[in-house]
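The next block holds one structure in the form of structure tokens; read it before the comments.
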4 protein chains.
Amino acid sequence: MSTTTARRRLTREESQAQTRERLINAAQHLFVSNGYGGASIRDIANNAGYSQGAFYSNFSSKEDILLELLRRHMEAEALQLSTVMGNNAQQLEQILAELEAWASTLNQDADWCMLSIELQLHAKRSPTFAAEYQKVWGKHRSEIGSVISLLFEKLGRPAPASPDELAAAFMALSHGLALQRTTDRLDPPGRLIMVFLRGLIASAK
Amino acid sequence: MSTTTARRRLTREESQAQTRERLINAAQHLFVSNGYGGASIRDIANNAGYSQGAFYSNFSSKEDILLELLRRHMEAEALQLSTVMGNNAQQLEQILAELEAWASTLNQDADWCMLSIELQLHAKRSPTFAAEYQKVWGKHRSEIGSVISLLFEKLGRPAPASPDELAAAFMALSHGLALQRTTDRLDPPGRLIMVFLRGLIASAK
Amino acid sequence: MSTTTARRRLTREESQAQTRERLINAAQHLFVSNGYGGASIRDIANNAGYSQGAFYSNFSSKEDILLELLRRHMEAEALQLSTVMGNNAQQLEQILAELEAWASTLNQDADWCMLSIELQLHAKRSPTFAAEYQKVWGKHRSEIGSVISLLFEKLGRPAPASPDELAAAFMALSHGLALQRTTDRLDPPGRLIMVFLRGLIASAK
Amino acid sequence: MSTTTARRRLTREESQAQTRERLINAAQHLFVSNGYGGASIRDIANNAGYSQGAFYSNFSSKEDILLELLRRHMEAEALQLSTVMGNNAQQLEQILAELEAWASTLNQDADWCMLSIELQLHAKRSPTFAAEYQKVWGKHRSEIGSVISLLFEKLGRPAPASPDELAAAFMALSHGLALQRTTDRLDPPGRLIMVFLRGLIASAK
DNA sequence: AATGAATGAGGATTCATTCAT
DNA sequence: TATGAATGAATCCTCATTCAT
């Protein structure tokens with residue numbers, strides 16, 4: 001049946017990985033559009049093209065797949081951050097340019113932001129999940145915070161609030177704007193973040 | 001038990017108003033702590049001390065009580081705003097003081113903010129609710145926007161973004177921070193908002 | 001306020017009678033279009049322009065109003081029958097003409113027939129109601145039966161089945177056709193009944 | 001307990017078919033004795049020995065199982081008709097004998113007739129169901145109609161009404177009589193139908 | 001690994017009925 | 001007499017999860 005150009009038969013591991021991947025994608029879409037509580041496992045499985053049983057062969061519960069999404073979410077954000085910040089900028093202008101690049105990635109993908117909101121909401125309700133969430137979120141926040149910290153160091157001025165607070169505020173702004181998005185329509189994604197960032201710099205001078 | 005000042009027997013209207021009030025309070029608490037989808041009518045009614053039927057004597061559906069909460073939410077915000085802004089400030093310092101007062105009311109009540117988030121989430125999912133939400137939210141935003149507008153007028157400088165955008169951004173910031181609250185613990189509510197506001201002013205000079 | 005031509009203020013009795021009447025009418029329409037089980041007391045009361053409480057001031061239960069409808073139903077049928085048969089016909093042709101007149105009244109009002117069906121269905125399910133139903137139905141059937149009986153007497157031939165059976169069969173035919181009515185559309189109401197009646201006569205000769 | 005001829009373990013399909021069958025049987029009994037509206041899914045499932053969820057694994061809704069009953073109902077009637085009419089009768093006496101056989105099957109099973117009535121009632125109230133019902137009922141009626149048609153052809157006389165009308169009338173008679181059944185007790189099932197049929201023949205001569 | 005029938009608890013909603021007003 | 005808020009049970013249906021295949 002298989003010819004020389006035939007699509008290679010997937011190995012067992014590859015096939016399972018594919019199933020997992022498809023389930024994760026389906027879950028992400030449904031959590032974003034219906035919320036964590038509004039997405040049923042039946043829907044996730046069907047949407048991915050599998051039965052409910054396949055879901056339970058790959059994840060132990062609904063929260064388990066959310067945890068997987070959390071991991072990927074933060075991994076992606078870390079990757080983004082390291083890409084943007086990776087050139088070890090030392091000059092003020094470079095640092096600013098990097099932050100601008102980062103701000104434009106934020107909000108770029110509204111779905112990603114909505115998922116972030118679902119993760120936070122679920123963390124508020126499930127202690128077990130909250131613990132996991134906290135770990136990964138704290139790390140992410142301090143990474144952003146250290147860039148902000150570096151920025152004000154270069155400026156030779158004290159930051160108007162702790163770097164962690166400012167990092168959290170920028171994330172908060174991004175999430176809050178995502179929440180308004182489908183509702184309103186007046187937002188060029190990361191622009192407002194830069195407006196605020198420039199304000200902070202101006203007020204530090 | 002009854003004295004000359006005995007608690008007067010409630011009239012029918014009063015009694016019903018009390019029921020309504022208790023149901024609304026219970027709904028608010030549960031929407032905040034479990035989310036709109038996670039709060040069942042059974043829970044709302046029981047929590048208020050009534051049967052499920054009593055709920056349906058007072059509200060036509062789950063969305064109906066959310067709409068009532070929306071109305072109260074915005075009414076309260078409008079009241080807050082009008083109280084704060086009511087002295088018709090003309091001096092720059094007065095306007096700033098007013099905005100500071102307003103910022104400190106924001107985030108004051110984390111529950112109130114979480115309710116706001118639930119309202120926005122539900123608006124994203126229910127078109128009928130979205131229509132109602134949009135009406136009330138647009139009005140609120142432009143009220144805040146006009147104060148911001150006045151501020152930059154007095155400064156004699158252009159605002160770094162449209163007043164509506166800035167108003168939306170401040171609300172977004174407030175919501176995003178509320179989302180982090182139970183998770184983190186590093187937030188003096190409206191302070192960050194003022195930090196950002198002062199930044200805007202500084203960058204306008 | 002009231003002038004000489006003013007609509008006379010209803011006495012208390014009249015007013016109550018009016019309430020009753022309106023409730024009965026509403027119940028009849030709803031039982032016919034939704035079935036006995038499908039018509040709620042709330043709907044009946046609202047449809048009549050009253051509250052649920054008004055219903056219970058006039059009837060002790062849902063079955064109670066059905067019983068009232070049963071009484072009126074049979075009363076109306078008896079009236080119809082006596083009008084049609086009242087001229088004490090002695091001639092064969094007269095008797096036939098009377099039966100024809102009766103047949104055309106049958107099925108004339110499809111609603112009336114559907115109500116009859118609801119009554120029978122409820123009688124099958126509620127023993128207390130069945131007892132009441134039986135009384136009134138037996139009387140009605142034997143009235144029709146006696147006309148049929150007279151007819152065959154005049155013909156000087158034995159009827160092909162007992163008069164009661166034949167009467168029941170004609171009623172059954174009428175009910176069964178009503179059941180098909182909204183479904184199909186090929187029915188000139190009482191015509192088929194006469195076709196069958198003439199058949200009986202022909203086969204008796 | 002298990003012998004060499006032990007009851008074979010059911011395959012998955014067999015097991016599901018059994019579940020379906022039991023649910024269908026339970027539904028039929030309950031629809032007949034309580035009516036469509038009066039039979040709850042809880043009752044159907046419990047009566048069949050399953051949970052409510054099992055019902056929804058096999059049928060998408062209450063109407064869905066009624067549709068299945070409709071299909072089986074008409075299938076059974078078609079089978080009955082084809083059995084009775086299968087010997088390609090050409091002689092008048094043979095055709096009459098066949099019709100007699102058919103009439104005696106009618107009403108034989110009062111439950112079957114009550115189900116027919118429930119189907120018709122539900123068709124009056126649910127447009128979606130009505131469409132399905134119409135299809136199957138029209139076909140059945142014209143099958144019976146064609147036998148009646150053949151009968152009068154052999155007689156060389158015009159039928160006193162269109163074959164379809166007469167077929168519908170005989171079914172109506174059968175249903176109307178079923179409705180009276182538990183109420184009264186004076187009916188030898190299909191006999192009255194034959195009385196009427198012979199009448200039609202007599203009046204055609 | 002994947003299926004999907006079956007479970008049992010819980011979802012929103014409607015019902016007949018009661019009772020203080 | 002008539003109101004309609006409140007009850008509590010019952011309605012149809014969906015859910016996360018289990019388990020034999």
Side-chain angles (χ1 to χ4, degrees), chain A residues 12-13 15-20 23 37-46 49-63, chain B residues 9-20 23 37-45 49-63, chain C residues 12-13 15-16 18-20 23 37-46 49-63, chain D residues 9-13 15-20 23 37-45 49-63:
Chain A
R12 217 194 286 256
E13 280 87 20
S15 160
Q16 191 179 354
Q18 190 185 64
T19 304
R20 239 184 114 78
L23 285 167
S40 78
I41 283 172
R42 215 193 310 288
D43 285 352
I44 293 171
N46 290 349
Y50 294 92
S51 66
Q52 299 181 70
F55 179 94
Y56 283 96
S57 291
N58 283 277
F59 302 95
S60 66
S61 70
K62 202 175 160 188
E63 198 169 78
Chain B
R9 179 67 138 276
L10 293 179
T11 69
R12 226 190 315 187
E13 275 96 21
E14 285 169 332
S15 159
Q16 190 183 355
Q18 190 184 65
T19 305
R20 237 185 116 79
L23 286 167
S40 78
I41 282 170
R42 219 193 304 277
D43 286 351
I44 293 171
Y50 294 93
S51 66
Q52 294 185 67
F55 178 94
Y56 285 97
S57 288
N58 283 277
F59 302 95
S60 65
S61 69
K62 202 175 158 187
E63 199 169 76
Chain C
R12 218 193 287 256
E13 279 88 19
S15 159
Q16 192 181 352
Q18 191 185 64
T19 304
R20 240 185 114 79
L23 285 167
S40 78
I41 282 173
R42 214 192 312 288
D43 284 352
I44 293 172
N46 289 350
Y50 293 93
S51 66
Q52 298 180 68
F55 179 94
Y56 283 97
S57 291
N58 284 277
F59 303 95
S60 66
S61 70
K62 203 174 158 187
E63 197 169 77
Chain D
R9 178 70 135 277
L10 293 180
T11 69
R12 214 159 7 160
E13 274 96 22
S15 160
Q16 190 183 355
Q18 190 185 66
T19 304
R20 236 185 118 80
L23 285 167
S40 77
I41 283 171
R42 219 197 302 279
D43 285 351
I44 293 172
Y50 293 93
S51 66
Q52 293 185 67
F55 178 94
Y56 284 99
S57 289
N58 283 278
F59 303 96
S60 65
S61 69
K62 203 174 158 186
E63 198 168 77

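For clarity, every value in this text was computed on a predicted model and none was experimentally measured. So you know, we letter chains A, B, ... as the sequences are listed, proteins then strands, and number each from 1.
- Of the candidate nucleotides dA2(F), dT17(F), dC13(F), dA2(F) has the atom lying nearest to any side-chain atom of T19(C).
- Mapped onto DNA chain E by nearest heavy atom, S60(C) and F55(D) fall at different nucleotides, with F55(D) at the one closer to the 5' end.
- Proximity of Y50(B) to the phosphate of dA6(F): no side-chain N or O atom is located under 4.0 Å from OP1 or OP2.
- Distance from the side chain of I41(B) is smallest to dT13(E) among dT13(E), dT17(E), dT14(F).
- The separation between D43(B) atom CG and dA9(E) atom C1' is 13 Å, rounded to whole Å.
- The side chain of S40(B) contributes an N or O atom lying less than 4.0 Å from OP1 or OP2 of dG11(E).
- Here the side chain of S51(A) is nearest to one of dT17(F), dT3(E), dT1(F), namely dT3(E).
- Nearest heavy atoms, A45(D) versus S51(D): CB-O, 3.4 Å.
- The OG atom of S60(C) sits 8.0 Å away from atom CZ of F55(C), with the distance rounded to the nearest 0.5 Å.
- Closest to the N58(C) side chain, of the nucleotides dA2(E), dA16(E), dA2(F), is dA2(F).
- Residue contacts for A39(D): at a heavy-atom cut-off of 4.0 Å it reaches the sugar-phosphate backbone alone, with no base atom in range.
- Rounded to whole Å, the distance from CD on E63(C) to C1' on dC15(E) is 16 Å.
- Y50(B) contributes atom OH, which lies 5.0 Å from atom CD of Q18(B) (distance to the nearest 0.5 angstrom).
- One can place CZ of F59(C) at 13 Å from P of dT17(E), the figure rounded to the nearest angstrom.
- Checking the phosphate oxygens (OP1, OP2) of dG11(E), a side-chain nitrogen or oxygen of R42(B) falls inside 4.0 Å.
- Candidate nucleotides dT17(E), dT14(E), dA6(E) were compared by shortest atom distance to the side chain of S15(D), and dA6(E) ranks first.
- Of all nucleotides listed (dA16(F), dA16(E), dA12(E)), dA16(E) comes nearest to the side chain of K62(C).
- Atom C1' of nucleotide dA10(F) and atom CD1 of I44(D) are separated by 14 Å, given to the nearest angstrom.
- Residue R20(B) is the one, among Y56(D) and R20(B), whose nearest nucleotide of DNA chain F lies closer to the 5' end (criterion: closest heavy atom).
- For dA20(F), the paired nucleotide is dT3(E), the pair qualifying as Watson-Crick or G-U wobble because both relevant distances are below 3.5 Å.
- Side-chain contact between R20(D) and F59(D) is present, with at least one heavy-atom pair separated by less than 4.5 Å.
- In this structure, G53(D) and G53(B) both approach DNA chain F, and ranking their closest nucleotides by distance from the 5' end singles out G53(B).
- Within the model, atoms CD1 of I44(A) and CD of Q52(A) stand 10.5 Å from one another, a figure rounded to the nearest 0.5 Å.
- Each of S57(D) and Q52(B) has a nearest nucleotide on DNA chain E; the 5'-most of these lies closest to S57(D).
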